[in-house]
Protein chains: 2
Amino acid sequence: MATKHDDAAEACCPSVLDAPLDQAEAEDLARAFAALADPVRLRLLSLIADAGEICACALLEPLGKAQPTVSHHTKALADAGLITGEKRGRWVWWSIVPERVAVLGDALAPARSNTPA
Amino acid sequence: MATKHDDAAEACCPSVLDAPLDQAEAEDLARAFAALADPVRLRLLSLIADAGEICACALLEPLGKAQPTVSHHTKALADAGLITGEKRGRWVWWSIVPERVAVLGDALAPARSNTPA
DNA sequence: CGAATGTATCTACATATGTCAATACGTGGG
DNA sequence: CCCACGTATTGACATATGTAGATACATTCG
């Protein structure tokens, strides 16, 4: 688990529309957006968000995907820091990390410098 | 050119964190986020945003990529509706489509229903 | 018109990724 | 202790994608 999103770079909230991103910032953001670049993962995210917290076992049926596939996608989202999982007994309960989602949202926020007065 | 982002679905601004997305919405959003899932395209986007409007010929050097590669990326962003190009003489001038970028940003905005009072 | 120049397309290729069957791992129940 | 069950990992495969050389297309200039 552990949500290995070792930021380091990504000073905090570089906006794509603000200053030119350097290579490192661009790669970090690209990795994050890549986690959102799959319809299954987006539905997964929305299912988790809607439930607030949900057992992985409850995701297979609505997604219509095999168990390893769903596990693969939860891992991708967790690696991106977008969700976090807690193991209780034999089940894993997933919930979203709203702050992390917000970082990506802010990266697409209107530019400050280019929309002055 | 033409920015073929034939939405149709994407009612307007489905938030990933709000209601569960249906298949079509998820696929549309995924396609859009996929356009952002590449560091070169993110830097491309930020270069265009920073300049307000920029000739394609001015993108090769800062990106350090071959001309066909840059053309490939501008096409990807244009297909996603994120940028639009205007041909003037032999040059193509690219600019961003802020409304479209905002749609993606809004899709990552905090949930309404799950953060009530 | 023909040469020069900027951009897009074609093609090829290496890598990345989504998918799932098989299997390993961990935990709780009998 | 062993089995059942939920989850993660491995392996294999088909498809998608980033990259750039070669080339086609378009426009301007002489």
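Lettering of chains follows the sequences in order, A, B, ..., and the numbering in each one begins at 1.
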request  = Let me know the distance between CD of A:E27 and P of C:dA16, rounded to the nearest Å.
outcome  = 13 Å

Distance, rounded to the nearest Å, where A:L60 contributes CG and D:dA8 contributes P = 10 Å

Sequence neighbours excluded and cut-off under 3.5 Å, please list the side-chain donor-acceptor pairs for residues 34-41 of chain A, or say none.
from  : atom 1 : to    : atom 2 : distance (Å)
A:D38 : OD1    : A:V40 : N      : 2.8
A:D38 : OD1    : A:R41 : N      : 3.2
A:R41 : NE     : A:A35 : O      : 2.7
A:R41 : NH1    : A:H73 : ND1    : 3.1
A:R41 : NH2    : A:A34 : O      : 3.1

query = What is the distance, rounded to the nearest whole Å, between atom CH2 of B:W91 and atom C1' of D:dC29?
reply = 11 Å

note = Regarding the side chain of A:Q67, the nearest nucleotide among D:dT19, D:dC29, D:dT7 is D:dT7

request  = Rounded off to whole Å, could you give me the NZ-to-P distance for the B:K75 and D:dG18 pair?
outcome  = 13 Å

inquiry  = Please determine whether a side-chain nitrogen of the Lys or Arg among A:E53 and A:R88 lies less than 4.0 Å from a carboxylate oxygen of the Asp or Glu.
reply    = yes

inquiry  = Within the 4.0 Å heavy-atom criterion, would you say B:R88 contacts the bases, only the backbone, or no part of the nucleic acid?
reply    = nothing

task = Look at the side chain of B:C55 and decide which nucleotide, out of D:dC29, C:dT7, D:dA20, has an atom nearest to it.
result = C:dT7

ask   = For A:K87 and C:dG26, what is the distance between atoms NZ and C1' respectively, to the nearest whole Å?
value = 5 Å

request  = Please work out if B:H72 contacts a base, only the sugar-phosphate, or nothing of the nucleic acid, heavy-atom cut-off 4.0 Å.
outcome  = base

message = Measure CG/B:D38 against P/C:dT17 and give the value in whole Å, please.
response = 11 Å

ask   = Taking atom C1' of D:dG6 as reference, at what distance in whole Å does atom CG of A:L59 sit?
value = 13 Å

note = Separation of C:dC20 atom P from A:H73 atom NE2, nearest Å, is 8 Å

